[in-house]
Structure formats: structure tokens, C-alpha cells
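Here the structure is laid out as C-alpha cells; the discussion comes afterwards.
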Protein chains: 2
Amino acid sequence: MSNAFVRKLDRFEQLTPDDRAWLLEISVRAKQVSADCDLIREGDNPENVLVIIDGFAMRYKLTSNGRRQIFAYLIPGDFCDLHVALLKKMDHSIGTLSPCRVAHFTPAMIVELTERSPSLTRALWMCSLVDGATLREWLVNLGQRSAPHRISHLFCELHERMLAVGLTDDGSFELPLTQSELSDTMGLSIVHVNRSLKELREAGLVTLRNERIIIPDVAVLKDYAEFDASYLHLKWPLQGARNSS
Amino acid sequence: MSNAFVRKLDRFEQLTPDDRAWLLEISVRAKQVSADCDLIREGDNPENVLVIIDGFAMRYKLTSNGRRQIFAYLIPGDFCDLHVALLKKMDHSIGTLSPCRVAHFTPAMIVELTERSPSLTRALWMCSLVDGATLREWLVNLGQRSAPHRISHLFCELHERMLAVGLTDDGSFELPLTQSELSDTMGLSIVHVNRSLKELREAGLVTLRNERIIIPDVAVLKDYAEFDASYLHLKWPLQGARNSS
DNA sequence: CGACTTTTTGACCTAATTCAACTAATGTGG
DNA sequence: CCACATTAGTTGAATTAGGTCAAAAAGTCG
């Protein structure tokens, strides 16, 4: 028995059967949330730490002139707000992109976790470091790459992360993003995102349709996007299918 | 007695005289480093945590096609690598922009710190949270703002941070950046940075000359840039001149 | 089936880039 | 201290990537 959450942490630190059982127990108590609603809103003081068990969400912020910037996509296994233990107020929001199942960790559970398992504690710490590294890579993406390369790079990252939690089917995976969301992620207009997607599709690099992405040849797309996964700090090499007991 | 490092942490958590004395003691042992050299290089496994006591540095990464993206400017009081305790390898570099004095914390000293002072521990934790929040704000900056607004926003941030550590002189402060560095920060060409700076200068908003920035009216520039300092999570309000014993 | 959202396309416009030259600065050795 | 080299800043002209506006086509859903 396993799930995306367990698989994700297991990519950072070798977990004990005990650790896994504990994580699974929390996962089954996850609550269902519908699409397009905020899990956490800017200004909130969330009391629990949330984890996406199933579905897609995004980290975003609205600017004073009504624009939206998306900072991160949260896929199964990702923490929403591991960092804000100390901050009184969230400085950004987290919204669902699809129906999600969300697990809740109370502060007491976090304490229990850090006391019962050093490797789990390290894994959580790693999660927040990787979130930071990913943000830096996004900055490189916005600052240095053209629209089609930028979009491809995002797709490569998502593929790598979905692969890490066992949610890809060859080069294909679920991706419930509208072009509007993509444009708010990439700092591009919707129209330009549309044209860039067309370009990528016609070049045979990647197709996005019906909330699903299809990458005919992942290596080719990575090459095109100059994608180097090392910032994701995944411990075992890419395809490493490890059994999960 | 005080310095930028002490003042910075003191903005997050009220420190005890003991805490301050300890920080100062470490600060005086800081080592001098010349301009334009790397304190930490991508791929390194740094053993000590570094703090800029004096001078300017940047966090950056070189892309495979030879471009450079700057993620952050480090000013006096800033940590270089608080996060990488766990990561085996740095995924980016840190280079000096001016001659710097750099303090070194050994792992043992960090442990001592967390044991001797909960408020210092929280202050350090806050530092890394604020670094993350700042990175998110930079992403908004690159994704959503035009060149002149983008540059102004950066200047507002730097002013706010320099003010927080007592290094501004009215609306003016030292800023040893070339236009090339600005362009690698902003995801703009050097030429366009030059033209945008000219525009800002002629609008009377801000002047950058001789490694020094002059903001005639900070409030006006903040307004222009739609700058909202809340992401810096400074505890006491802006001008709060608190005595440092 | 209509109402609505998302995707796609065309025509036109503008912000930003590139290339190239030229002018300050800054620095170095004789 | 000057001649020379080098780096940083400035400007113009031509080009292009990306944005805006507008409208049509295609999906989605109650």
C-alpha cells in the first residue's frame, strides 16, 4: 500500500514501514474539496498544515492592478503551507484547480512527527528546500527563456514531479490547466500562450488537450527546454522504480 | 553597540542583550572578501553558514546557454545559505558585488544558537521564510510588471531592507550595481534597462549613479511601483527607530 | 438547447531586443 | 602623470517577440 504523499517523501528519505503506515493513516482521513476554491487565502492564519493527497492546486497572488501570478503548482504529495508555522499571516493564496483530497496536520501531529521519526523530519525539511529551489528555477524561466521554451520547461518540471509520485503514463499525465492559468504562470498573454502551444504541438514536442498532456518524447522536450532536473533534488535516479512494500 | 546583522534579526524578534552580544562577537570575527568573487559556487557543499556583515552580494545561477539570472541581493545582515544544511550541493552560486565582510557560523555554532536562544532560532527561521516570500514577489515582478515598474519595485525593496538595517541616508543608499547586473536580475536587456533608468531619472523618480541610488521621494516611488512591503514581514513599522542598547 | 467558458485565429500595435557605434569612466603600466 | 586598454553607460535605427482588440469556433454544463 502506498500513495503519492508517501512516494514523494520516500524520494527524499528512505522511510520505515512505520513512517509509511502513519502517513497513510493520515491520508485516508483527507477531506474532499471541489475545484476552483481557495484552500488558504492571503491574510489567513491557517491552523493546520495541508497536504494535497489527490488533485491539483496552485499557489498564487493577486496584484493591486487585478493581475494574478501563479508561483507553484501543487500536485499529489505536496504541502500547502509547511513554511508558515511562524508567519502570522499567509502572504499568498492556494486554490484548487481540480477536485482535491486534502489531508490536515494539526500542530500536535507535526510535533509528534518530528519526535517519532528523524527521517520524516528531514523529508519535510527537504520539501521546503525543494520548493525554494523550484521557485528560483521559475525565476530563471521567466527571466531568461522565450515563451515556447518557458512553457516547455514548466511541462518538463511537471512531468518529472508527476513521475516521482507515480502519476505518469509514459510521457502523458493529467494536467487540468486552462491557457489562462498558464498565462498567469508564465507572465505571458493568453493569446501568446495559445500560439506558443500551437507551435509546440506542430513541432511534435507536446500536446495539451482535455486536461491531459502528451509528451511524445520526453528526452526531446527536455533537450528543447534545456531542462535539468537537479533542482528538484530527487534522491534516486529518474526511473528508479522502488517497491513500496 | 550594534550592527546590521543584529539590527536585522532584531526586526524579527526582540533579542536579549545576551543574544546581541553573542551575534556581535561572531560579527567581529568576519573575514574580508574582495569584490567580484564567489563566496559559494554551484555544486559546492559549504560547511559553514555565511552571513554578510558588510557589503553587497548576489544569489545567482548561470544557464546552459550562458545567461545569468540573479535571484536575490544580499545586503548586510543577510544569510547566504541558511537553507542548505540538508542539501548536499548548492544549486546556485553567491558572488560579491563589492568588498564584503563575511561572518562564518559552524554547524556547532548553529546548534549552540538554537539551544541558547529560542528567539534567535525563530529569527533565523523567519529569515528563510522572508527569503522565500521575497522570491515570490520577484516572480510577480518579472511576470506582471513593465520594465520601469519592475526596476522601481526592486529599488523600493532594497530601500526598505536597507532602511531596516539602518543603512539609508534619507532616500539614498549605497548600491554598487552595474546595469548589466540589473538586466540579469530583471530579465531585460542592458539597453532596455538603460533606457528605463533614463525614463525614471527624467520623471524625477530615482537616480542611480556612482554606485549610489537617490530616491527624491520614497512615497512617490512606492506608489509608482505599487510596492507593498508586507512580504518582508518586518515586525515593527517602517521608521520605528528602536534603541539598540 | 441555450448560456458560458475556453480555445483559436487575424490584424494591428508596442515593449523590448539586437546590432552597432560612440562617449564616459576607470584602471594600468611605463 | 599620461597614453592606452578596458569596462560601463548612452544613443540611434531596425527588428521581433509578445501584447491588445475583436470576433469566430469549439467545448462544457445546467
Side-chain angles (χ1 to χ4, degrees), chain A residues 34-37 56 58 63 65-70 95-99 141-154 174-203 206-214, chain B residues 34-37 56 58 63 65-70 95 97-99 141-154 175-203 206-214:
Chain A
S34 61
D36 300 310
C37 67
F56 285 78
M58 61 178 168
T63 69
N65 52 58
R67 302 174 66 100
R68 171 179 67 172
Q69 176 68 43
I70 297 174
T96 58
L97 292 160
S98 70
N141 213 18
L142 290 217
Q144 307 298 337
R145 284 188 262 262
S146 73
H149 288 91
R150 209 182 286 185
I151 295 171
S152 305
H153 195 278
L154 172 69
E174 191 197 344
L175 191 61
L177 299 183
T178 65
Q179 295 183 4
S180 164
E181 275 135 12
L182 267 181
S183 77
D184 288 344
T185 306
M186 293 307 192
L188 298 166
S189 67
I190 299 186
V191 173
H192 200 57
V193 164
N194 183 283
R195 286 196 239 266
S196 300
L197 283 175
K198 183 184 179 189
E199 189 184 324
L200 293 172
R201 192 189 321 128
E202 289 179 346
V206 55
T207 302
L208 181 59
R209 214 175 84 247
N210 290 344
E211 314 210 318
R212 194 163 187 85
I213 188 171
I214 299 169
Chain B
S34 61
D36 300 310
C37 65
F56 286 78
M58 60 179 169
T63 70
N65 53 57
R67 301 174 69 102
R68 172 179 65 171
Q69 176 68 43
I70 297 174
L97 292 161
S98 70
N141 214 17
L142 290 217
Q144 307 298 338
R145 283 188 262 261
S146 73
H149 288 91
R150 209 181 288 186
I151 296 172
S152 304
H153 195 277
L154 172 68
L175 190 61
L177 298 184
T178 65
Q179 295 184 359
S180 164
E181 274 136 11
L182 267 181
S183 76
D184 288 344
T185 306
M186 293 300 171
L188 298 166
S189 67
I190 299 187
V191 173
H192 199 56
V193 165
N194 182 284
R195 287 195 240 265
S196 301
L197 284 175
K198 183 184 178 190
E199 189 183 324
L200 293 172
R201 193 189 320 128
E202 290 179 345
V206 55
T207 302
L208 180 59
R209 214 175 83 248
N210 291 342
E211 313 209 320
R212 197 165 183 82
I213 189 172
I214 299 169

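Scope of the values below: all heavy atoms of this structure, side chains included, with no hydrogens, waters or symmetry mates. Numbered from 1 within each chain, the chains take letters A, B, ... in sequence-line order.
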Restricting to nitrogen or oxygen on both sides, can you table the protein-nucleotides 18-28 of chain C pairs closer than 3.5 Å?
residue	atom	partner	partner atom	Å
C/dT18	O4	B/Arg195	NH2	3.2

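For A/Asn194 and D/dG18, the CG to C1' distance is 13 Å, given to the nearest whole Å. At whole-Å resolution of the value, CG in B/Leu177 and P in D/dG9 are 10 Å apart. When rounded to the nearest whole Å, the span between CG of A/Asp36 and P of C/dC4 equals 17 Å. Whole-Å rounding puts the A/Arg209 CZ to C/dT8 C1' distance at 15 Å. To the nearest angstrom, C1' of D/dA8 lies 9 Å from CD1 of B/Ile190. When rounded to the nearest whole Å, the span between CD of B/Glu199 and C1' of C/dA15 equals 11 Å. Atom pair A/Leu182:CG and C/dT6:P shows a separation of 13 Å (rounding to whole Å applied). Between the CD atom of A/Gln179 and the P atom of D/dT20 there is a distance of 16 Å, given to the nearest Å.
Side-chain atoms of B/Lys198 lie closest to D/dT11 of the nucleotides C/dT17, D/dT11, D/dG18. Distances were taken from every side-chain heavy atom of B/Leu188 (C-beta onward) to each of D/dG18, D/dT10, C/dT17; the shortest belongs to C/dT17.
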message: Applying side chain to side chain contact (heavy atoms under 4.5 Å, CB included) to A/Thr63 and A/Gln69, what does each step give before you reach the verdict?
response: CA-CA 8 Å; A/Thr63 69; A/Gln69 176 68 43; 5.5 Å; no

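To the nearest 0.5 Å, atoms CG (A/Asn141) and OG (A/Ser152) are separated by 9.0 Å. Atom CE of residue B/Met186 and atom CD of residue B/Gln179 lie 13.0 Å apart, to the nearest 0.5 angstrom. The OG1 atom of B/Thr178 sits 8.0 Å away from the CG atom of B/Asp184 when rounded to the nearest 0.5 Å.
A/Ser146 and A/His149 are linked by a side-chain donor-acceptor pair at a separation below 3.5 angstrom, with hydrogens and angles left out of the test.
Side-chain N/O atoms of A/Arg201 include one lying less than 4.0 angstrom from OP1 or OP2 on C/dT8.
Residue-level contact check: A/Ser196 touches neither bases nor backbone, having no heavy atom under 4.0 Å from any strand.
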